[in-house]
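Quick caveat: nothing in here was measured; it's all calculated off a predicted structure.
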Amino acid sequence: MGGQRQMAVLARLIVAGGRAVPVTTLIDDIWDGRPPAQALSTIQGYVSRLRRSLEPDRAPREEAGVLVSAPPGYALKASAEQVDAWRFEELVKTGGGPADVWAGMEGALALWRGPALAEFADSPWASTEAARLAELRLTAIERRADAGLSLGRAAALVADLEAHAAAQPLREEAWRLLSLALYQAGRQGDALAALRRARDIWRDELGLDLSAALRRLEGDMLSQAPHLEGPRWLTTLPEGKPGNVRVVVVDDQALVRAGLRVVVDDQPGFEIAGEAEDGERAIAVVRETRPDLVLMDIQMPGLDGLAAARRILADPNPPKVIMMTTFGTDENLYAALRAGVSGFVLKTSSPRRFLVAMRAACAGDALIDPAVTTQLIAGFAGRSAPDAPAALAGVSDAELDIVKLVARGLTNEQIAQTLAVPEPAVATTVAAVLNRLDLVDRAQLVVLAYECGLITPGAG
C-alpha cells in the first residue's frame with residue numbers, strides 16, 4: 001500500500017503539470033480526506049524516496065532538481081520529454097501541414113498505454129485527469145485521420161475509423177471522418193450507409209437527427225460534390241512503375257478526346273500515346289503504339305467500344321482497357337466486364353475518378369465506378385453465361401472471403417485493411433484464384449461471384 005501511495009504522490013504532481021501542490025492538498029488527495037496522524041512525515045518520506053529514484057546520482061546534500069520543494073508544497077520540474085503524459089499532450093497540439101500533424105499524432109498515440117491513471121481511478125483528482133487525457137486521445141485519433149485524408153490515405157484509415165465510430169457512436173467527428181474516408185476510397189455506398197447508421201443510433205439514443213454538418217455532408221455525397229474528392233496527387237502511379245504510362249484515348253467526340261488529353265497530360269507519370277474516333281481505328285492505333293492503357297468509349301458508330309475491346313484484349317500482351325459510358329445502366333457494361341476490361345467509369349465523372357481508375361488498372365486492380373455498380377449488378381447479375389466457369393469449385397473459404405470483397409469493388413489495399421493481412425498476400429491470392437478459374441481480370445471475377453450467387457445484389 002505504501003508503494004502505491006508513493007506512486008500516487010508522483011502521479012498527483014504529474015497531474016499538476018509542473019505547478020506546486022501544497023502538502024495539505026497532497027495529504028487530502030492521497031488519503032481521500034482521511035489521513036493518518038503521521039501523514040506529513042509519511043509524505044516527506046515518500047518525497048525523499050522519489051527523489052533518490054528520479055535523481056540517483058544526486059549528492060546527499062545537493063538540492064533536488066526534479067522533485068523540488070515549492071513552499072507550501074512540492075512541484076515536479078521535469079521536461080515534457082521525461083513525462084509521457086506531458087509529451088503526449090504536447091504532441092496532440094502539433095501544428096503545421098498534414099504531414100506534420102500526421103507525424104505528431106502518430107507519436108502521441110504511440111505513447112498511449114491504456115486508460116490513464118487506471119490504478120488511481122477511484123480518486124477524484126485522478127478520474128478527472130484521466131477523462132481529460134482520454135478526450136485528448138480521441139482528438140489525436142481524429143486529427144490523425146483528418147491529416148491522413150489530406151495525404152491521400154483514405155483506404156488505409158477505414159478500419160481504424162470503423163472502430164473509432166463503433167466505440168464513440170455519439171461523436172459527430174467520428175462519423176464525419178469515417179464516411180469521408182469511405183467516400184474518398186471509392187466506396188460511396190458504404191459512406192452513405194455509415195451516415196445512415198449514425199442517424200439510426202442518434203435517433204435511438206438521443207431522439208435527434210444528424211447534425212446540420214453531417215446532413216450537408218450526406219447531401220454533398222449524393223450530388224458527388226467535387227470538394228469531397230481526395231488530394232489530386234493521390235492518383236500517382238504505383239511505386240516501381242518504370243517510365244510513364246502510355247495512354248490511348250478512344251471516343252467519337254473530339255471534345256471528349258481533348259478533355260481527356262488534358263487530364264492525362266496534366267498528371268505526372270502518364271502520357272498520351274495516341275487517340276482514335278472509332279473502334280476500328282482504335283485497334284490500329286493500339287497495335288501501332290503498344291500503349292499500357294486504353295480509355296475506350298463503349299458507344300461509338302461503326303465498330304463499338306465493346307467489340308474493339310474484345311479484339312484488343314485478344315492480342316498477345318494486351319494493354320489494360322477502361323470503358324467509358326454516359327449511362328450507368330448500359331447493358332453492354334455487363335458484357336464489357338466479362339470480356340476482361342479493367343473496370344469502367346462514367347464520362348461525367350470528375351478528373352480524379354478517371355485518374356484513380358487509371359492508377360488502379362496499372363496496379364492490377366479494376367475500378368468499378370460506385371455511381372453505377374448497383375444498377376449494373378442488379379440489372380444483369382444472375383444471367384447464365386455458357387463460357388463462364390461452372391462454379392467456384394476448389395476455392396478455399398479464406399479465398400472466398402477475398403473474392404467476396406473483390407466482388408464488392410474493394411482494391412487489394414482495402415481488402416488487406418479489412419482482413420488485417422498483408423497487401424502482397426491479397427494480391428497473390430487474387431492472382432491464384434484468377435489463374436485457377438481461367439479468368440483474364442478481376443473484373444471477370446466480380447461478375448462470376450454474382451453469377452454463382454456468392455454475392456447477391458444489395459448485399460452488404
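Of all heavy-atom pairs between R51 and A64, the closest is NE-CB, 3.6 Å.
At a threshold of 4.0 Å, the pair E89-R132 counts as salt-bridged, since one of the basic side-chain nitrogens sits closer than that to a carboxylate oxygen. A salt bridge is defined here as a Lys NZ or Arg NE, NH1 or NH2 lying under 4.0 Å from an Asp or Glu carboxylate O, and R436 with E399 meets this definition. A salt bridge links R171 with E135: the closest approach of a Lys/Arg side-chain nitrogen to an acidic carboxylate oxygen falls below 4.0 angstrom. Under the 4.0 Å criterion applied to side-chain N and carboxylate O atoms, E142 and R176 are not assigned as salt-bridge partners. Ionic pairing of D29 and R5 is not present here: no N-O contact between side-chain nitrogen and carboxylate oxygen is shorter than 4.0 angstrom.
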- prompt: Under the side chain to side chain contact (heavy atoms under 4.5 Å, CB included) criterion, do V249 and I272 qualify, and how do the steps go?
  reply: CA-CA 8 Å; V249 174; I272 292 292; 3.7 Å; yes

message: Determine whether S53 and R49 satisfy the following criterion, side chain to side chain donor-acceptor pair (under 3.5 Å), listing intermediate values before the conclusion.
response: CA-CA 6 Å; S53 296; R49 287 192 289 274; over 6 Å; no

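Ring geometry for W112 against F88 counts as tilted: the plane angle lies between 30° and 60°, on a 0 to 90° scale.
Of the possible polar contacts, one joining the E55 side chain to the V66 backbone as a donor-acceptor pair under 3.5 Å is found. Of the possible polar contacts, none joining the E90 side chain to the A80 backbone as a donor-acceptor pair under 3.5 Å is found.
Judged by the 6.0 Å and 45° rule, R153 forms a cation-pi pair with W102.
Atoms CD and CZ, from E271 and R246 in turn, are 6.0 Å apart once rounded to the nearest 0.5 Å.
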